[in-house]
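Notes to accompany the following structure.
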Amino acid sequence: MKRCFCVISRFIYLSTERNKGASLVSNVRHDHTRAAAAKTLSDFRWEESKSSDSQKWSRLEHNGPYFAPEYDPLPASVPFYYDGQLLKLSPATEEIATFYAKMLDHEYTSKEAFQNNFFTDWREEMTSEERKQIKTLSKCDFSHMHKHFLEKSEERKNMTKEEKQVLKEESSRLVEQYGFCVLDGHREKIGNFKLEPPGLFRGRGEHPKMGKLKKRIQPEHVAINCSQDAKIPEAPAGHRWKRVQHDNTVTWLASWLENIHGRPKYIMLNPSSKLKGEKDWQKYETARQLKVCVNAIRKQYKRDWTSREMKSRQRGVAIYFIDKLALRAGNEKDEESADTVGCCSLRVEHISLHRRLDGLEHVVEFDFLGKDSIRYYNKVPVEKQVFKNLKLFIKHKDPEDDLFDRITTVNLNKALNECMPGLTAKVFRTFNASTTLQDQLNKLTAEDMTVEEKILSYNRANRAVAILCNHQRAAPKTFEKSMQLLQEKIQKKKEQIEEAKRELKAAKKAHRDAPSDRCRKLVEKKEKLVQRLCEQLKKLQLQETDREENKVIALGTSKLNYLDPRITVAWCKKHNVPIEKIYNKTQRDKFTWAIHMTDESFQF
DNA sequence: CACGAGACTTGCCTGGACGAAC
DNA sequence: GTTCGTCCAGGCAAGTCTCGTG
């Protein structure tokens, strides 16, 4: 498998290198396409790939991370008052105050947890003098700071073109210096070369740590990873790195521990890199592998529904949910984070069982907060045996008890792995998402459609996946307004059509009454106008449908993470839709591998 | 097996660039 | 020229899963 990808990756490099003849590129592609076609799924050796996969590179060199600029103290003209008294804060204290002052408009500064966390952490950073004086948050007056930053941002908006140009050049110099690394002889883009600046932590949902201080990262906190023979990046003057290591079994260039949860964070490559692309390709191949054995797995979990062992029954139902509803695995979480769940961590309170609902039998009603505190709400008719089992699982339990108390993500994944090497809960999401896209595209695309209609079909297929995976977004702030505008446009267009039709009729009549070349030409002209207007109307109406259906659905996540790009590429080729209409520049870069290795016959 | 550390993927939001409409 | 709206890259939080250790 590994070897197979090497062919592809060599091709990608070839094709992205300048001054290479097009004929060479197409030759490579041709060869590869055949090689890939000849390769069947059973040829993949997962065990083998596992050992060889552990080495991620042989040579790695980079310039280290870019540190956030030092704090620039406020001008003396921006006062801070405590309890009505002017107070000059020390730079460190002032800096943290500005984090809060910048957020005053946000709803969450009104939350008690946010205020308490912020104030506790702020006081910890104060000088003892300041700590003695500043005892109550509500007595702090940040309003002048707040105003100062509003003005600053206004200033920034009103910069001249030239000033903006200067900034732009500065930032591209930064990218030039820090934004790339050299991995195995190839210059690769780094994903996030800038270290996160200090600020206030705002978790998602009801996060118990909201408002806590995210501290400034110092070089002494940062570990550097590069190859032994590489030039070690220089630490900022007067500083040294936490450590420099040469571990080629990992892909990160730099890492540090964030202070909120004490979890590691990393600087890694951009998705367009070979390293990431290879991994991505592997992911989809695993998902395609599941396609081959999913029937057997389904049979197995259905058998488990009637197992004598409670654990097996629970696992059978859990995998059924993961498969049917594309739920996430649902690892255990600690108390120090928002209360969200996935499949294995579902609690009794998250489901309601309805013997009969809306004319359907055995309906399970799900209502819980999933990843990022996004609500999952769904009413699903299930097999009778699943229903029976669920009743059994919740018997004698309290609402806050685990629904699946005998299983964990670890043993669930272990069981899955025994069915198919490499299989874990999340593979089902990839598999179901990509399968859905393929099915929907096949169903929704017709040859006689215009390109616009085909794109609408694609978006609908994409949307079906997003709904399956529960990818949501906040409705755009301007949604209502822009929708209304669009409707007015449509109305206007309709009126134009009426008008044009009347004119056409009149022209026809004139031509009938007194045929002439001039009259005939006028009729033709009017006919064309009507036709053109109708086409425009259709386009607008398509746009309206698309936008309405998309109001709270986020398509990006599935497009980027769940849909095998080869499905899209093949579809575009087959139906003559330019790939640029579906993938923007970033997406094309990320999916370069797929764009080059896929021909129109590919099916997931 | 439980646990925690570590590595890597997935996820939503936002600020600013850019183009269209006024 | 200004305003408005859309799109996208970047930001960073929050998941999943693996591995080593006792």
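Lettering follows sequence order; numbering is per chain, from 1.
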* To do: Could you tell me which residues satisfy salt bridge (charged side-chain N to carboxylate O under 4.0 Å, His left out) with K311(A), sequence neighbours excluded, listed by chain and number?
  => none
* Structure fact -> Walking DNA chain B from its 5' end, the first of T251(A) and R429(A) to be reached, judged by nearest nucleotide, is T251(A)
* Structure fact -> Separation of dC13(B) atom P from Y108(A) atom OH, nearest Å, is 12 Å
* To do: Looking at every strand, decide which applies to K276(A) at a 4.0 Å heavy-atom threshold: base, sugar-phosphate, or nothing.
  => sugar-phosphate
* Structure fact -> One should read off an interatomic distance between N270(A) CG and E188(A) CD, to the nearest 0.5 angstrom, of 8.5 Å
Could you list all N or O pairs between the protein and nucleotides 3-5 of chain B that sit under 3.5 Å apart?
none

* Asked: Taking the six-membered ring of F180(A), is the NZ or CZ of R187(A) close enough (under 6.0 Å from the centre) and on axis enough (within 45°)?
  -> yes
* Contacts of type side-chain hydrogen bond (donor to acceptor under 3.5 Å, both in side chains), residue Y178(A), not counting sequence neighbours -> none
* Let me know the distance between CG of L560(A) and P of dT9(B), rounded to the nearest Å. => 12 Å
* Asked: Taking only residues two or more places apart in sequence, or in another chain, which ones meet H207(A) in a ring pair (Phe, Tyr, Trp, His ring centres under 6.0 Å)?
  -> F201(A), H261(A)
* CG of L253(A) versus C1' of dA7(B): gap in Å, rounded? -> 13 Å
* Structure fact -> Those residues at least two apart in sequence (or on a different chain) that pass ring pair (Phe, Tyr, Trp, His ring centres under 6.0 Å) with Y108(A) are H106(A), F114(A)
* Taking only heavy atoms on the protein side, list every residue of residues 338-345 of chain A lying under 4.0 Å from any atom of DNA chain C, sorted numerically. => T340(A)
* **Qualifying residues under side-chain hydrogen bond (donor to acceptor under 3.5 Å, both in side chains), relative to K291(A), sequence neighbours excluded** => none
* Asked: K56(A) NZ to dT18(C) C1': how many Å, rounded?
  -> 11 Å
* Structure fact -> When rounded to whole Å, the CG to C1' distance for the pair N584(A) and dA17(B) reads 14 Å
* Those residues that, when tested against E336(A), pass side-chain hydrogen bond (donor to acceptor under 3.5 Å, both in side chains) (two or more places apart) -> none
* Take the protein atom CZ of R156(A) and the nucleotide atom P of dG15(B), then report the distance between them rounded to whole Å. => 10 Å
* Structure fact -> N117(A) meets the side-chain hydrogen bond (donor to acceptor under 3.5 Å, both in side chains) criterion, sequence neighbours left out, with none
* **Contact residues, residues 322-333 of chain A to DNA chain C [heavy atom, < 4.0 Å]** => R328(A), A329(A), G330(A), N331(A), K333(A)
Produce the list of close N/O pairs, under 3.5 Å, pairing protein atoms with atoms of nucleotides 11-13 of chain C; give distances to one decimal.
unit_1  : atom_1 : unit_2  : atom_2 : d
dA13(C) : OP1    : K214(A) : NZ     : 3.2
dA13(C) : OP2    : K265(A) : NZ     : 2.6
dA13(C) : O4'    : R204(A) : NH2    : 3.3

Expected rows: protein N/O vs nucleotides 18-22 of chain B N/O, under 3.5 Å:
unit_1  : atom_1 : unit_2  : atom_2 : d
dC18(B) : OP1    : K168(A) : NZ     : 3.4

